[in-house]
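Each remark here refers to the structure printed beneath this line.
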Amino acid sequence: MTTLASGTTASDSVKDGLTRDALTVLQPGFPGTTAPDWLLRRLGEGLASVGLFGRNIASPEQLASLTAQLRSERDDVLVAIDEEGGDVTRLEARTGSSFPGNHALGAVDDVDLTRAVAHELGRRLAECGVNLNWAPSADVNSNPSNPVIGVRSFGADPDLVARHTAAYVTGLQAAGVAACTKHFPGHGDTAVDSHHALPRIDADLSVLEQRELLPFRAAIAAGSRAVMSAHILVPTLDPDHPATLSSRILTDLLRGRLGYDGLIVTDGMEMQAIAATYGIERGSVLAIAAGADAICVGGGLADDETVRRLRDALVGAVRSGELPEERLAEAAERVRGLARWATSASEAGAHAGSGADSGSASAPAQAATADVTRVDIGLVAARRALTVTGAEDFTPLTEPPYVALLTPVANIAVGNETPWGVAAELQRRLPGTETAGFAGADAGREILAAAGARRVVVVVRDEHRHPWMASTLDTLLAARPDTVVVEMGVPQAPPRGALHIATHGAARVCGHAAAEVIAGR
């Protein structure tokens with residue numbers, strides 16, 4: 001047997017290379033605000049990516065220190081985050097986002113604004129050492145009952161979603177942060193949350209081509225460095241396997257017909273659509289075999305044991321012949337290729353101050369971005385996104401109101417830890433403002449009793465999806481016609497109330513913009 005200069009045998013070298021490739025394709029999360037020892041050790045063994053969530057972030061300074069700690073072990077590590085802005089924020093999970101989300105940007109329908117918002121968000125991520133963002137969502141919100149996409153989508157019109165997806169990709173990557181467009185082939189026409197079960201989209205190919213796939217074609221044309229797969233079953237494309245595990249969808253469609261050659265990342269493998277049907281080890285092997293390049297895991301599973309199990313499952317699948325070694329090596333090389341791009345983009349951004357690449361905004365658009373960020377682009381965008389009904393007969397409040405928050409169960413992507421609503425900003429403007437959350441059939445009567453003689457401001461989220469919210473508004477408006485209604489979800493129900501404000505999202509800046517209308521700027 002041949003002995004290499006290092007003292008290892010050729011077979012040892014192959015074994016080590018296989019193990020490194022298996023680690024390279026993983027994108028695990030971890031607990032805490034500093035990197036645990038096991039994670040640093042795995043980076044030294046070949047792990048090339050980590051995923052960050054709200055639990056890992058206390059402040060921009062702490063985040064910068066954390067990413068520096070990771071890079072002290074591996075200087076080209078991909079540091080990924082699920083930072084969509086709007087309702088889904090990790091960077092500002094404790095306070096609410098400084099940026100409105102996709103639905104608000106789609107409501108404005110100014111692609112220069114979308115590009116500028118994405119660029120500023122990317123700039124802030126890059127400053128903290130993050131170089132891969134699992135965003136934007138390119139899902140077309142064609143099903144108003146969708147429990148997981150909603151305001152995370154730019155809208156229900158495929159052309160609108162396509163042009164804003166492209167603008168977002170361009171702006172984000174101009175800041176030196178790789179975009180990961182999701183959830184391929186499109187999660188908008190589902191009535192099931194894939195965090196809990198396996199959704200299904202029954203649409204024929206012509207519909208999929210003109211609706212679901214249009215934004216992804218735009219993202220690919222804009223140079224999106226990564227695409228995230230969806231845990232959804234689309235029988236027209238593959239009757240047997242969810243997209244994440246389907247070679248027909250990932251290899252034949254995304255790589256072949258759409259011509260995409262960047263990194264394919266799976267959605268979180270611990271989500272029940274995969275974990276409860278295939279298990280994360282088996283699911284990860286099938287995903288790589290189908291054409292995925294990186295396995296995202298760590299939203300709920302974040303420990304060394306998970307990393308070891310997934311590594312061993314991939315290595316075992318190669319040795320048994322189930323997973324071609326060339327496929328795993330190809331996937332690992334795509335991860336390393338994105339890491340090289342991200343390192344180069346980061347260095348270019350530090351040198352030039354803009355991080356622009358071949359997919360960057362035009363010079364006039366960059367100038368416009370620079371101008372508007374001086375006055376807080378997130379708030380500017382949130383103000384422009386408001387749809388206000390009844391303003392002509394409304395006098396801004398001068399006395400502190402009672403703010404009733406009708407609280408639906410948050411989906412896992414959004415989480416419960418991020419505050420939302422208008423109360424905080426109204427309290428600042430009108431000291432003495434009180435607030436409480438309500439839910440259920442008796443909410444209307446409870447709110448009237450709690451508010452007393454004070455003006456009622458009621459905040460809802462997707463009234464059209466929650467019959468108890470609609471009946472609560474019926475009760476309130478019958479007794480108090482002067483009630484102000486703020487809709488912070490998808491505004492599908494008819495506007496009502498003395499003043500109705502649709503914010504198109506529940507980000508902190510959306511609440512700020514609504515409060516300005518209620519109390520006067």
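If you read the sequence from its start, that first residue is 1, and numbering goes on from there. Since the structure is predicted, the reported quantities are computational estimates derived from the model, not experimental observations.
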Please round to the nearest 0.5 Å and tell me the distance separating atom [atom1] of [X] and atom [atom2] of [Y].
X    : Y    : atom1 : atom2 : value
H231 : I274 : NE2   : CD1   : 5.0 Å
E212 : L205 : CD    : CG    : 11.0 Å
L254 : I264 : CG    : CD1   : 4.5 Å
C296 : D82  : SG    : CG    : 8.0 Å
E325 : D21  : CD    : CG    : 7.5 Å
K182 : N133 : NZ    : CG    : 7.5 Å

Any chance the side chains of [X] and [Y] put a donor and an acceptor closer than 3.5 Å?
X    : Y    : answer
S98  : R508 : yes
D238 : S246 : yes
E83  : T89  : yes
D303 : T306 : yes

Next item on the list: If the plane angle is over 60° it's perpendicular, under 30° parallel, otherwise tilted; pick one for F184 and F216.
Entry: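 Ring orientation, 0 to 90° scale: perpendicular.
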Is there a donor-acceptor contact under 3.5 Å from the side chain of [X] to the main chain of [Y]?
X    : Y    : answer
S224 : I220 : no
Q27  : A80  : no
R74  : G46  : yes
T244 : A230 : yes
Y260 : A226 : yes
T418 : G96  : no
S153 : D139 : yes
R248 : L253 : no
N146 : G188 : yes
T67  : C128 : yes

Quick check: closest heavy atoms across [X] and [Y], and the distance to 0.1 Å?
X    : Y    : value
T114 : L105 : OG1-CB, 3.6 Å
L245 : A287 : CD2-N, 3.7 Å
G150 : N141 : N-OD1, 3.4 Å
G186 : I232 : O-CD1, 3.0 Å
E463 : A493 : OE1-CB, 3.4 Å
D462 : G489 : OD1-CA, 3.3 Å

Notebook entry, point to check: Testing V151, D87, V486, T503 for side-chain contact (heavy atoms from CB on, under 4.5 Å) with R461, which one passes?
Noted result: D87
Next item on the list: Could you please spell out the steps behind the side-chain contact (heavy atoms from CB on, under 4.5 Å) verdict for R55 and I57?
Entry: CA-CA 6 Å; R55 63 177 179 250; I57 301 169; over 6 Å; no
Next item on the list: Would you list the pairs meeting salt bridge (charged side-chain N to carboxylate O under 4.0 Å, His left out) in which at least one residue belongs to residues 272-293, sequence neighbours left out?
Entry: R255-D293, E281-R309, R282-E322, D293-R327, D293-R334
Within a strict 4.5 Å, meaning less than it, do heavy atoms of the [X] and [Y] side chains meet?
X    : Y    : result
L52  : F30  : yes
V335 : S49  : yes
P136 : T181 : yes
P491 : T387 : no
R42  : R311 : yes
L214 : D159 : yes
L43  : L70  : yes
L66  : T33  : no

Note to self: If the threshold is 4.0 Å, N to carboxylate O, is there a salt bridge linking E127 and R124?
What the structure shows: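 Not counted as a salt bridge, because no side-chain N and carboxylate O are separated by less than 4.0 Å.
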Check: With the threshold set at 4.0 Å, does a side-chain nitrogen-carboxylate oxygen contact exist between R163 and D109?
Finding: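 So R163 pairs with D109 through a salt bridge.
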Note to self: Checking Y168 now: which residues fulfil ring-ring contact (aromatic ring centres under 6.0 Å, His included) with it, not counting sequence neighbours?
What the structure shows: none
Checklist line | Step-by-step side-chain contact (heavy atoms from CB on, under 4.5 Å) determination, H183 to R152 | finding: CA-CA 11 Å; H183 306 83; R152 301 167 66 195; 3.7 Å; yes
Next item on the list: Run the numbers on D75 and T343 for side-chain contact (heavy atoms from CB on, under 4.5 Å), then give the verdict.
Entry: CA-CA 8 Å; D75 59 7; T343 301; over 6 Å; no
Item checked: Residue Q69 excluded, over 12 heavy atoms near CD under 6.0 Å ->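 Counting neighbours around CD of Q69, more than 12 heavy atoms of other residues, nucleotides or ligands fall under 6.0 Å, so yes.
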Next item on the list: Please assess L23 against V307 for the test side-chain contact (heavy atoms from CB on, under 4.5 Å), listing each intermediate value before the final yes or no.
Entry: CA-CA 8 Å; L23 282 171; V307 171; 3.7 Å; yes
Next item on the list: Hey, could you give me each pair passing ring pair (Phe, Tyr, Trp, His ring centres under 6.0 Å) that has a residue in residues 83-116? Not counting sequence neighbours.
Entry: H103-H504
